[in-house]
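Here the structure is laid out as structure tokens; the discussion comes afterwards.
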4 protein chains.
Amino acid sequence: MATATQSEGSPVINRGRPRDASRDEALRTAAVEVMAEVGYRALTMDAVAARAKAGKATIYRRWESKLDLIIDTCSRLVNRNVPVPDTGSPAKDLRGILRDFSGFLQGPAGKAAQALVGELPHEPELATAFRATFLAHQRSVVLSILQRGVDSGEFDRSAPLELVAEQAAAAICYRLMLTGESLSDEWVDELVDRGLLPMLR
Amino acid sequence: MATATQSEGSPVINRGRPRDASRDEALRTAAVEVMAEVGYRALTMDAVAARAKAGKATIYRRWESKLDLIIDTCSRLVNRNVPVPDTGSPAKDLRGILRDFSGFLQGPAGKAAQALVGELPHEPELATAFRATFLAHQRSVVLSILQRGVDSGEFDRSAPLELVAEQAAAAICYRLMLTGESLSDEWVDELVDRGLLPMLR
Amino acid sequence: MATATQSEGSPVINRGRPRDASRDEALRTAAVEVMAEVGYRALTMDAVAARAKAGKATIYRRWESKLDLIIDTCSRLVNRNVPVPDTGSPAKDLRGILRDFSGFLQGPAGKAAQALVGELPHEPELATAFRATFLAHQRSVVLSILQRGVDSGEFDRSAPLELVAEQAAAAICYRLMLTGESLSDEWVDELVDRGLLPMLR
Amino acid sequence: MATATQSEGSPVINRGRPRDASRDEALRTAAVEVMAEVGYRALTMDAVAARAKAGKATIYRRWESKLDLIIDTCSRLVNRNVPVPDTGSPAKDLRGILRDFSGFLQGPAGKAAQALVGELPHEPELATAFRATFLAHQRSVVLSILQRGVDSGEFDRSAPLELVAEQAAAAICYRLMLTGESLSDEWVDELVDRGLLPMLR
DNA sequence: GATTAATCGAGACGGTACGTCAAGTCTTGAT
DNA sequence: ATCAAGACTTGACGTACCGTCTCGATTAATC
């Protein structure tokens with residue numbers, strides 16, 4: 001999988017005109033816009049290039065394929081700095097972080113994620129990257145909150161934390177991608193109170 | 001959305017050679033086979049036509065597009081007669097039906113469903129059909145089992161049945177489509193025992 | 001090559017519904033009309049069938065192919081009864097018959113003939129039929145007039161009659177099909193007086 | 001009608017990769033070959049593309065249609081440098097140039113020309129181009145020889161030169177396209193001696 | 001300051017699939 | 001057996017997109 005900028009400290013000195021970093025930005029922006037408008041399937045490299053007023057070669061110099069472009073673009077959307085709430089109440093923190101995720105996923109990142117799901121079974125690299133970026137971070141954050149609850153004695157020591165984290169993510173993704181219903185704060189609260197907390201005793 | 005055979009009792013007399021129903025069958029079979037081999041993205045109408053020894057026009061006479069063909073084909077896969085278990089133990093029934101769903105979704109139908117998810121946001125008709133076929137039936141079956149449990153007093157009267165049914169579907173879909181982990185019977189049992197039953201008291 | 005009506009005195013008695021002869025007429029009329037409107041290339045069997053309110057099978061029961069239909073249809077246009085003029089003056093008769101041919105060829109028959117020319121090299125049967133119908137009759141009529149002139153002593157005994165007849169036909173076809181200029185009576189007269197008569201002394 | 005290469009001195013600067021002129025050549029060569037093998041009707045763009053190892057888009061970038069491709073290709077065949085004979089004897093020159101034309105038209109160019117004739121009535125642009133390329137040059141060359149004969153006093157001053165030139169072309173085209181007889185040198189000589197020279201006194 | 005080499009936008013290139021259309025055959029119910 | 005209607009297979013059509021390539025023109029680091 002290609003990356004937009006070579007980050008290894010190569011001993012080879014770079015001769016010639018260096019890449020214009022502003023093109024990276026313009027291309028990723030264009031990709032997100034086109035993706036949001038027409039979806040993954042109907043997104044064409046020509047359209048992205050045209051929107052960014054770039055040549056197609058400029059795209060392929062940075063990313064190996066349409067899929068690669070989209071994965072990289074979406075990853076950057078996801079890898080933002082989420083301030084993990086720590087109010088002293090794990091239940092409250094859980095509601096907080098899931099509200100945050102829900103809100104975030106109702107934006108372009110959610111649409112992008114959904115567009116990629118259909119490609120996962122036949123694109124192993126994509127699947128790996130997708131799980132590493134979209135799923136892993138969310139999961140670890142939720143798990144840390146759950147663990148904090150166990151440590152403080154608020155949650156049962158023998159509660160299936162992994163399963164709870166998975167159920168939290170599953171509920172959000174199901175609504176987002178399958179039923180298409182909105183991820184309102186009220187719904188998140190009900191999910192936590194009546195769906196997740198019972199699993200934690 | 002096109003349907004392969006007009007079923008309404010139309011007052012218009014049917015003139016000309018009627019559609020060859022065996023072609024419907026052959027085309028749907030070919031579509032499933034090709035889909036299973038190469039996935040949705042790489043499935044081509046030419047390939048389906050060739051496999052069914054049919055002309056492309058014969059496909060387009062029945063379905064408007066590749067998507068339409070796949071939706072219809074998959075819907076028929078899903079709408080099978082699931083014998084709803086009734087052992088007297090709602091918990092057992094729940095495990096049974098979810099095991100059944102899980103097994104079924106690990107076959108071609110599951111792959112097909114996943115392939116369609118990415119198209120939902122930009123294809124309202126597809127979304128409607130998808131939810132009506134893939135989701136609604138599963139949901140109603142689960143709900144009927146839950147209700148039986150409430151009626152028999154085994155489940156709490158105030159339990160959030162809708163939410164439980166949603167969580168059951170969400171868990172399965174999340175594993176199937178997002179994490180890609182297998183839907184083993186053991187996992188289903190754990191899901192029911194530690195994820196769903198706690199929500200029912 | 002098929003003919004529209006079986007003319008051989010077959011001993012086989014005809015069972016079942018006999019062919020509707022009025023359909024022959026309707027189909028030929030439709031063929032001429034469509035041909036005149038869009039030309040040979042763009043003429044479709046569906047269009048002819050639709051115009052004649054007939055089924056395609058009804059056409060193919062009578063003619064083997066599109067080409068066959070057109071050849072047969074055009075032949076009937078050409079094989080009309082031309083009253084060969086005989087005024088006592090062979091030169092006058094020549095002008096008369098060529099004026100007649102010219103006028104006739106500016107109608108649908110001329111368009112049809114032109115449409116067929118492009119097909120001749122790769123359709124030997126068509127070529128044979130074309131020459132037998134479109135060319136042979138015209139030629140024999142002209143030749144008979146020329147011979148009459150020789151017999152009466154008005155034309156030279158050693159004149160190349162075949163060549164003259166060919167030049168007459170060539171001139172008309174060239175204008176009709178190649179240059180597209182009109183075949184006016186004045187032009188025909190000039191052709192005869194300054195082109196053909198000098199060849200006859 | 002499209003032309004393969006823009007030749008006007010356009011003020012617009014040429015951006016992007018320029019057309020590969022060698023593809024023009026390869027495509028025209030392929031077109032002539034396929035045309036010679038199967039004729040105009042059976043010539044397919046796919047066949048031409050395959051023979052030239054080109055994509056279909058590369059053809060359609062240069063020519064609007066099959067017809068356009070063939071017209072352009074044939075025009076180049078026709079527009080060769082014919083050395084107009086000048087032996088001092090206009091009659092001899094006339095025989096020479098008509099022998100040359102005849103020989104040339106029995107090759108691929110003649111077949112191509114014939115294929116196009118049937119399209120002329122319904123394709124005004126084609127007709128114009130056809131007349132400008134196939135007919136005009138031939139005609140002017142013949143006329144120049146005739147004029148030379150008039151100037152030298154060998155041909156009558158009041159001879160209908162235009163008509164003679166037209167008859168010459170008509171005779172050749174008629175044999176080539178209509179009767180299909182061969183354009184032998186003997187026949188050309190007879191045409192000149194007994195058909196054309198008598199018109200010139 | 002001149003040279004060098006990789007960049008840039010633009011768009012042509014071979015290839016593949018698309019969805020449409022026509023030719024000629026076959027199948028229905030009705031006459 | 002005929003008729004109109006229209007479904008059927010086959011195969012070409014002209015378009016669109018992918019990923020590569022080639023052009024003239026920048027642009028920065030090296031010489």
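- For the residue pair C:Val32 and C:Pro108, the shortest heavy atom distance occurs at CG1-CB, 4.2 Å.
- Without hydrogens or angle criteria, A:Arg19 side chain to A:Arg61 main chain gives a donor-acceptor distance under 3.5 Å.
- Against DNA chain E, the stretch residues 33-41 of chain A makes no heavy-atom approach under 4.0 Å.
- Within residues 44-59 of chain B, the residues approached by DNA chain E to less than 4.0 Å at the level of any non-hydrogen atom are B:Thr44, B:Met45, B:Asp46, B:Lys56, in residue-number order.
- Look at NZ on A:Lys66: it is 10 Å from P on F:dC17, rounded to the nearest Å.
- Within the 4.0 angstrom heavy-atom criterion, only backbone atoms of the sugar-phosphate kind lie near C:Leu43; the bases stay farther away.
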Report each atom pair, protein N/O against N/O of nucleotides 23-26 of chain F, whose distance is under 3.5 angstrom.
from	atom 1	to	atom 2	distance (Å)
F:dT26	O2	A:Arg17	NH1	2.7

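- Shown are D:Arg51, D:Lys56, D:Lys66; of these, the salt bridge (Lys or Arg N to Asp or Glu O under 4.0 Å) with D:Asp46 is made only by D:Lys56.
- Rounded to an integer number of Å, the gap from CG of C:Leu69 to P of E:dG24 is 10 Å.
- D:Thr133 places a side-chain N or O within 3.5 Å of a backbone atom of D:Ala129 that can act as its donor or acceptor partner.
- Note: CZ (B:Arg19) to C1' (E:dC26) measures 16 Å, nearest angstrom.
- Of the possible donor and acceptor atoms, one in the side chain of D:Asp68 sits under 3.5 Å from a partner among the backbone N and O of D:Glu64.
- A straight line from CG of A:Asp24 to C1' of E:dT7 spans 12 Å, rounded to a whole angstrom.
- Screening B:Gln114, B:Met35, B:Lys111 for a side chain to side chain contact (heavy atoms under 4.5 Å, CB included) involving B:Tyr40 leaves a single residue, B:Met35.
- Atom CZ in A:Arg62 sits roughly 17 Å away from atom P in F:dG19 (whole-Å rounding).
- Rounded to the nearest 0.5 angstrom, C:Phe130 CZ and C:Leu120 CG are separated by 5.5 Å.
- Between B:Arg23 atom CZ and E:dT25 atom C1' there is a gap of 15 Å when expressed in whole angstrom units.
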Point to revise | Criterion salt bridge (Lys or Arg N to Asp or Glu O under 4.0 Å) on A:Asp24 and A:Arg62, from CA distance to verdict | key: CA-CA 8 Å; A:Asp24 289 56; A:Arg62 290 164 163 77; 2.8 Å; yes
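- In terms of modelled atom types and a separation under 3.5 Å, the side chain of A:Arg23 and the main chain of A:Ala52 share a donor-acceptor contact.
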